[in-house]
Asks: 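Have a look at this one before I ask anything.
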Number of protein chains: 2
Amino acid sequence: MNSSPRRGRRAGSPDVRAQILAVARERFRREGYEAVTMRSLAADAGVDAALISYYFGSKRGLFAAVLELALNPADVLASLLEGELESLPQRAIRVLVAGWDRPEIGLPLLTAVRAAAADPELATLIRGGLQREMVDRLADRLSGADARHRAGAFVGQLGGLVFTRYLLAVEPLASMTVDEIVRALGPALRTTLFGPVGGHARRPDADGGCPAVRR
Amino acid sequence: MNSSPRRGRRAGSPDVRAQILAVARERFRREGYEAVTMRSLAADAGVDAALISYYFGSKRGLFAAVLELALNPADVLASLLEGELESLPQRAIRVLVAGWDRPEIGLPLLTAVRAAAADPELATLIRGGLQREMVDRLADRLSGADARHRAGAFVGQLGGLVFTRYLLAVEPLASMTVDEIVRALGPALRTTLFGPVGGHARRPDADGGCPAVRR
DNA sequence: ACGGTTGTTCAACCGTGATGAATTCTTCGC
DNA sequence: GCGAAGAATTCATCACGGTTGAACAACCGT
């Protein structure tokens, strides 16, 4: 029995940090946040579990590091906003659904949202990204005093699609085709951006386009 | 068949099950799902921790039991749908925001949604409730071939409000007043129910009221 | 009085993320 | 070259999580 204490620093320059990151990225998106345990992940990466804490501080730190790699749809958003504003509603729906319907894109995003739902700090990460990359950019392209409000409502409706179709999978939204979703949700998004009538100029009146209701 | 189902020990201490349920209900909504540990909860209720597993099978079972008590907005929904359909969009927004803005109502709901985001079985619970109590009922009151699709989109948009404003707290939605939300989101909800123009009859055309876009 | 059923307690099990000391390698001043 | 500083790696261990099973106590019908 060789009592060879294989302890201590390994020779050469094996980039263990990147190794952990790669394995974690894969397993997190397949199995979600909680299902992946630090020990199993360490074993999977051929690494001691304590190294994860060493490099990333905590399990959450590792997850956040993975997120910052995977969560980079800034370019997608940019290209969306480059197009004509007129067709943004349906383009946004199509791009969003097309992305989230592909497992290799949708699963990591879903994992991220799930984790953010449970962990306030991760929620801050997502929230910041949404505000910076979506709300603010969209608001810049809109006009009118309530541009930011309308941008917020627009993002909120897209968020509703994510929440209802992908996170909770509520029917019928979960099973509808892209075209059906565009048909059912497109006009509403369009109304949010441009007002109830379809033209550009008209602003919604105080009652939100609905007749008064006694309360 | 044994005709005497009531055998065995008659609870010496007054209804421990209800006691656990009451304490759990309170602590879950204050501290969330994960933060509440079975031992601390048991100690809080003056009960052995194993009794929770005994009565509810697991911590999740206890949470589900709490949910079925707290999550009973069926009557709220019913009263919403009893009113005129015309004003449903803004009434729905007002009722939803008014409820979720009150901590004693919003916090338990938020806890439920948070837990459902992490736990597929709890998600099934929420999903079923949403479909049964909201989508199906609303679809029954709508007409047209795509009534169910429009009902789904409507619920999805309300879900977006919950997701964006309460779960992630994305600005500006998180800080907007009820009136501002009604103004920004009301027309869109109205469009979802009744079509783009504001009248009843017109159905959205195939491109969702948006000009064609090359893909 | 008895046997079966139900409620309650206690002690342990196993797995989780995290920490600190011990050990080995790399790097750099001299 | 050399030896000290520091970085990387392992191991043992901690505190805590939910859950389980064996024992015991109270109660029931017969």
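For the numbers below, each heavy atom of this structure counts, side chains included, while hydrogens, waters and symmetry mates do not. Note on naming: letters A, B, ... go to the chains in the order of the sequence lines (proteins, then strands), and numbering restarts at 1 for each one.
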Asks: So which nucleotide from D:dT10, D:dT9, C:dG7 ends up closest to the side chain of B:Tyr55?
Replies: C:dG7
Asks: For the side chain of A:Met38, starting at C-beta, report the closest nucleotide among D:dG18, D:dT9, C:dA18.
Replies: C:dA18
Asks: Just by distance, do the side chain of B:Thr164 and the backbone of B:Leu161 share a donor-acceptor pair under 3.5 Å?
Replies: no
Asks: Between atom CD1 in B:Ile52 and atom P in D:dT19, what is the gap in whole Å?
Replies: 9 Å
Asks: Closer than 3.5 angstrom, by distance alone: can the side chain of A:Arg165 be matched with the main-chain N or O of A:Leu173 as a donor-acceptor pair?
Replies: yes
Asks: Let's see if you can work this out: which of D:dT19, D:dA8, C:dT8 has an atom nearest to the side-chain heavy atoms of A:Tyr54?
Replies: D:dA8
Asks: Whole Å only: how far is the CG atom of A:Leu62 from the P atom of C:dA18?
Replies: 10 Å
Asks: Starting at the 5' end of DNA chain C and moving along, which residue's nearest nucleotide shows up first, A:Gly57 or A:Thr37?
Replies: A:Thr37
Asks: Using whole Å, what does the distance between atom P of nucleotide D:dA7 and atom CG of A:Asp15 come to?
Replies: 16 Å
Asks: What nucleic acid atoms does A:Ala49 come within less than 4.0 Å of, heavy atoms only: base, sugar-phosphate, or nothing?
Replies: nothing
Asks: Is there a Watson-Crick or G-U wobble partner for D:dT30 with both distances under 3.5 Å, and if so, which one is it?
Replies: C:dA1
Asks: Heavy atoms from C-beta onward define the side chain here; which of D:dG21, D:dT19, C:dA18 lies closest to that of B:Lys59?
Replies: D:dT19
Asks: Side chains of B:Asp101 and B:Tyr166 only: does a donor on one sit below 3.5 Å from an acceptor on the other?
Replies: yes
Asks: Indicate yes or no for a side-chain donor-acceptor contact from B:Arg25 to the backbone of B:Val66 under 3.5 Å, with no hydrogens or angles considered.
Replies: no
Asks: Roughly how many Å is it from CG in B:Leu41 to P in D:dC16, rounded to a whole number?
Replies: 17 Å
Asks: What is the nucleic acid contact for B:Val47, judged by heavy atoms within less than 4.0 Å: base, sugar-phosphate only, or nothing?
Replies: nothing
Asks: Tell me which nucleotide among C:dT9, C:dT19, C:dT16 gets nearest to the side chain of A:Arg39.
Replies: C:dT16
Asks: Send over the distance from B:Asp48 CG to C:dA12 C1', rounded to a whole Å.
Replies: 13 Å
Asks: Report the distance from atom CZ of B:Arg17 to atom C1' of C:dT8, rounded to the nearest whole Å.
Replies: 16 Å
Asks: How many whole angstroms separate atom CD of B:Gln19 from atom P of C:dG7?
Replies: 16 Å
Asks: For A:Arg30, is the CZ atom crowded, meaning more than 12 foreign heavy atoms sit under 6.0 Å from it?
Replies: no
Asks: What is the separation between atom CD on B:Glu34 and atom P on D:dC16, rounded to the nearest whole Å?
Replies: 17 Å
Asks: Of the nucleotides D:dT10, C:dT19, C:dT9, which has the atom closest to the A:Leu51 side chain?
Replies: D:dT10
Asks: Within the 4.0 Å heavy-atom criterion, would you say A:Phe56 contacts the bases, only the backbone, or no part of the nucleic acid?
Replies: nothing
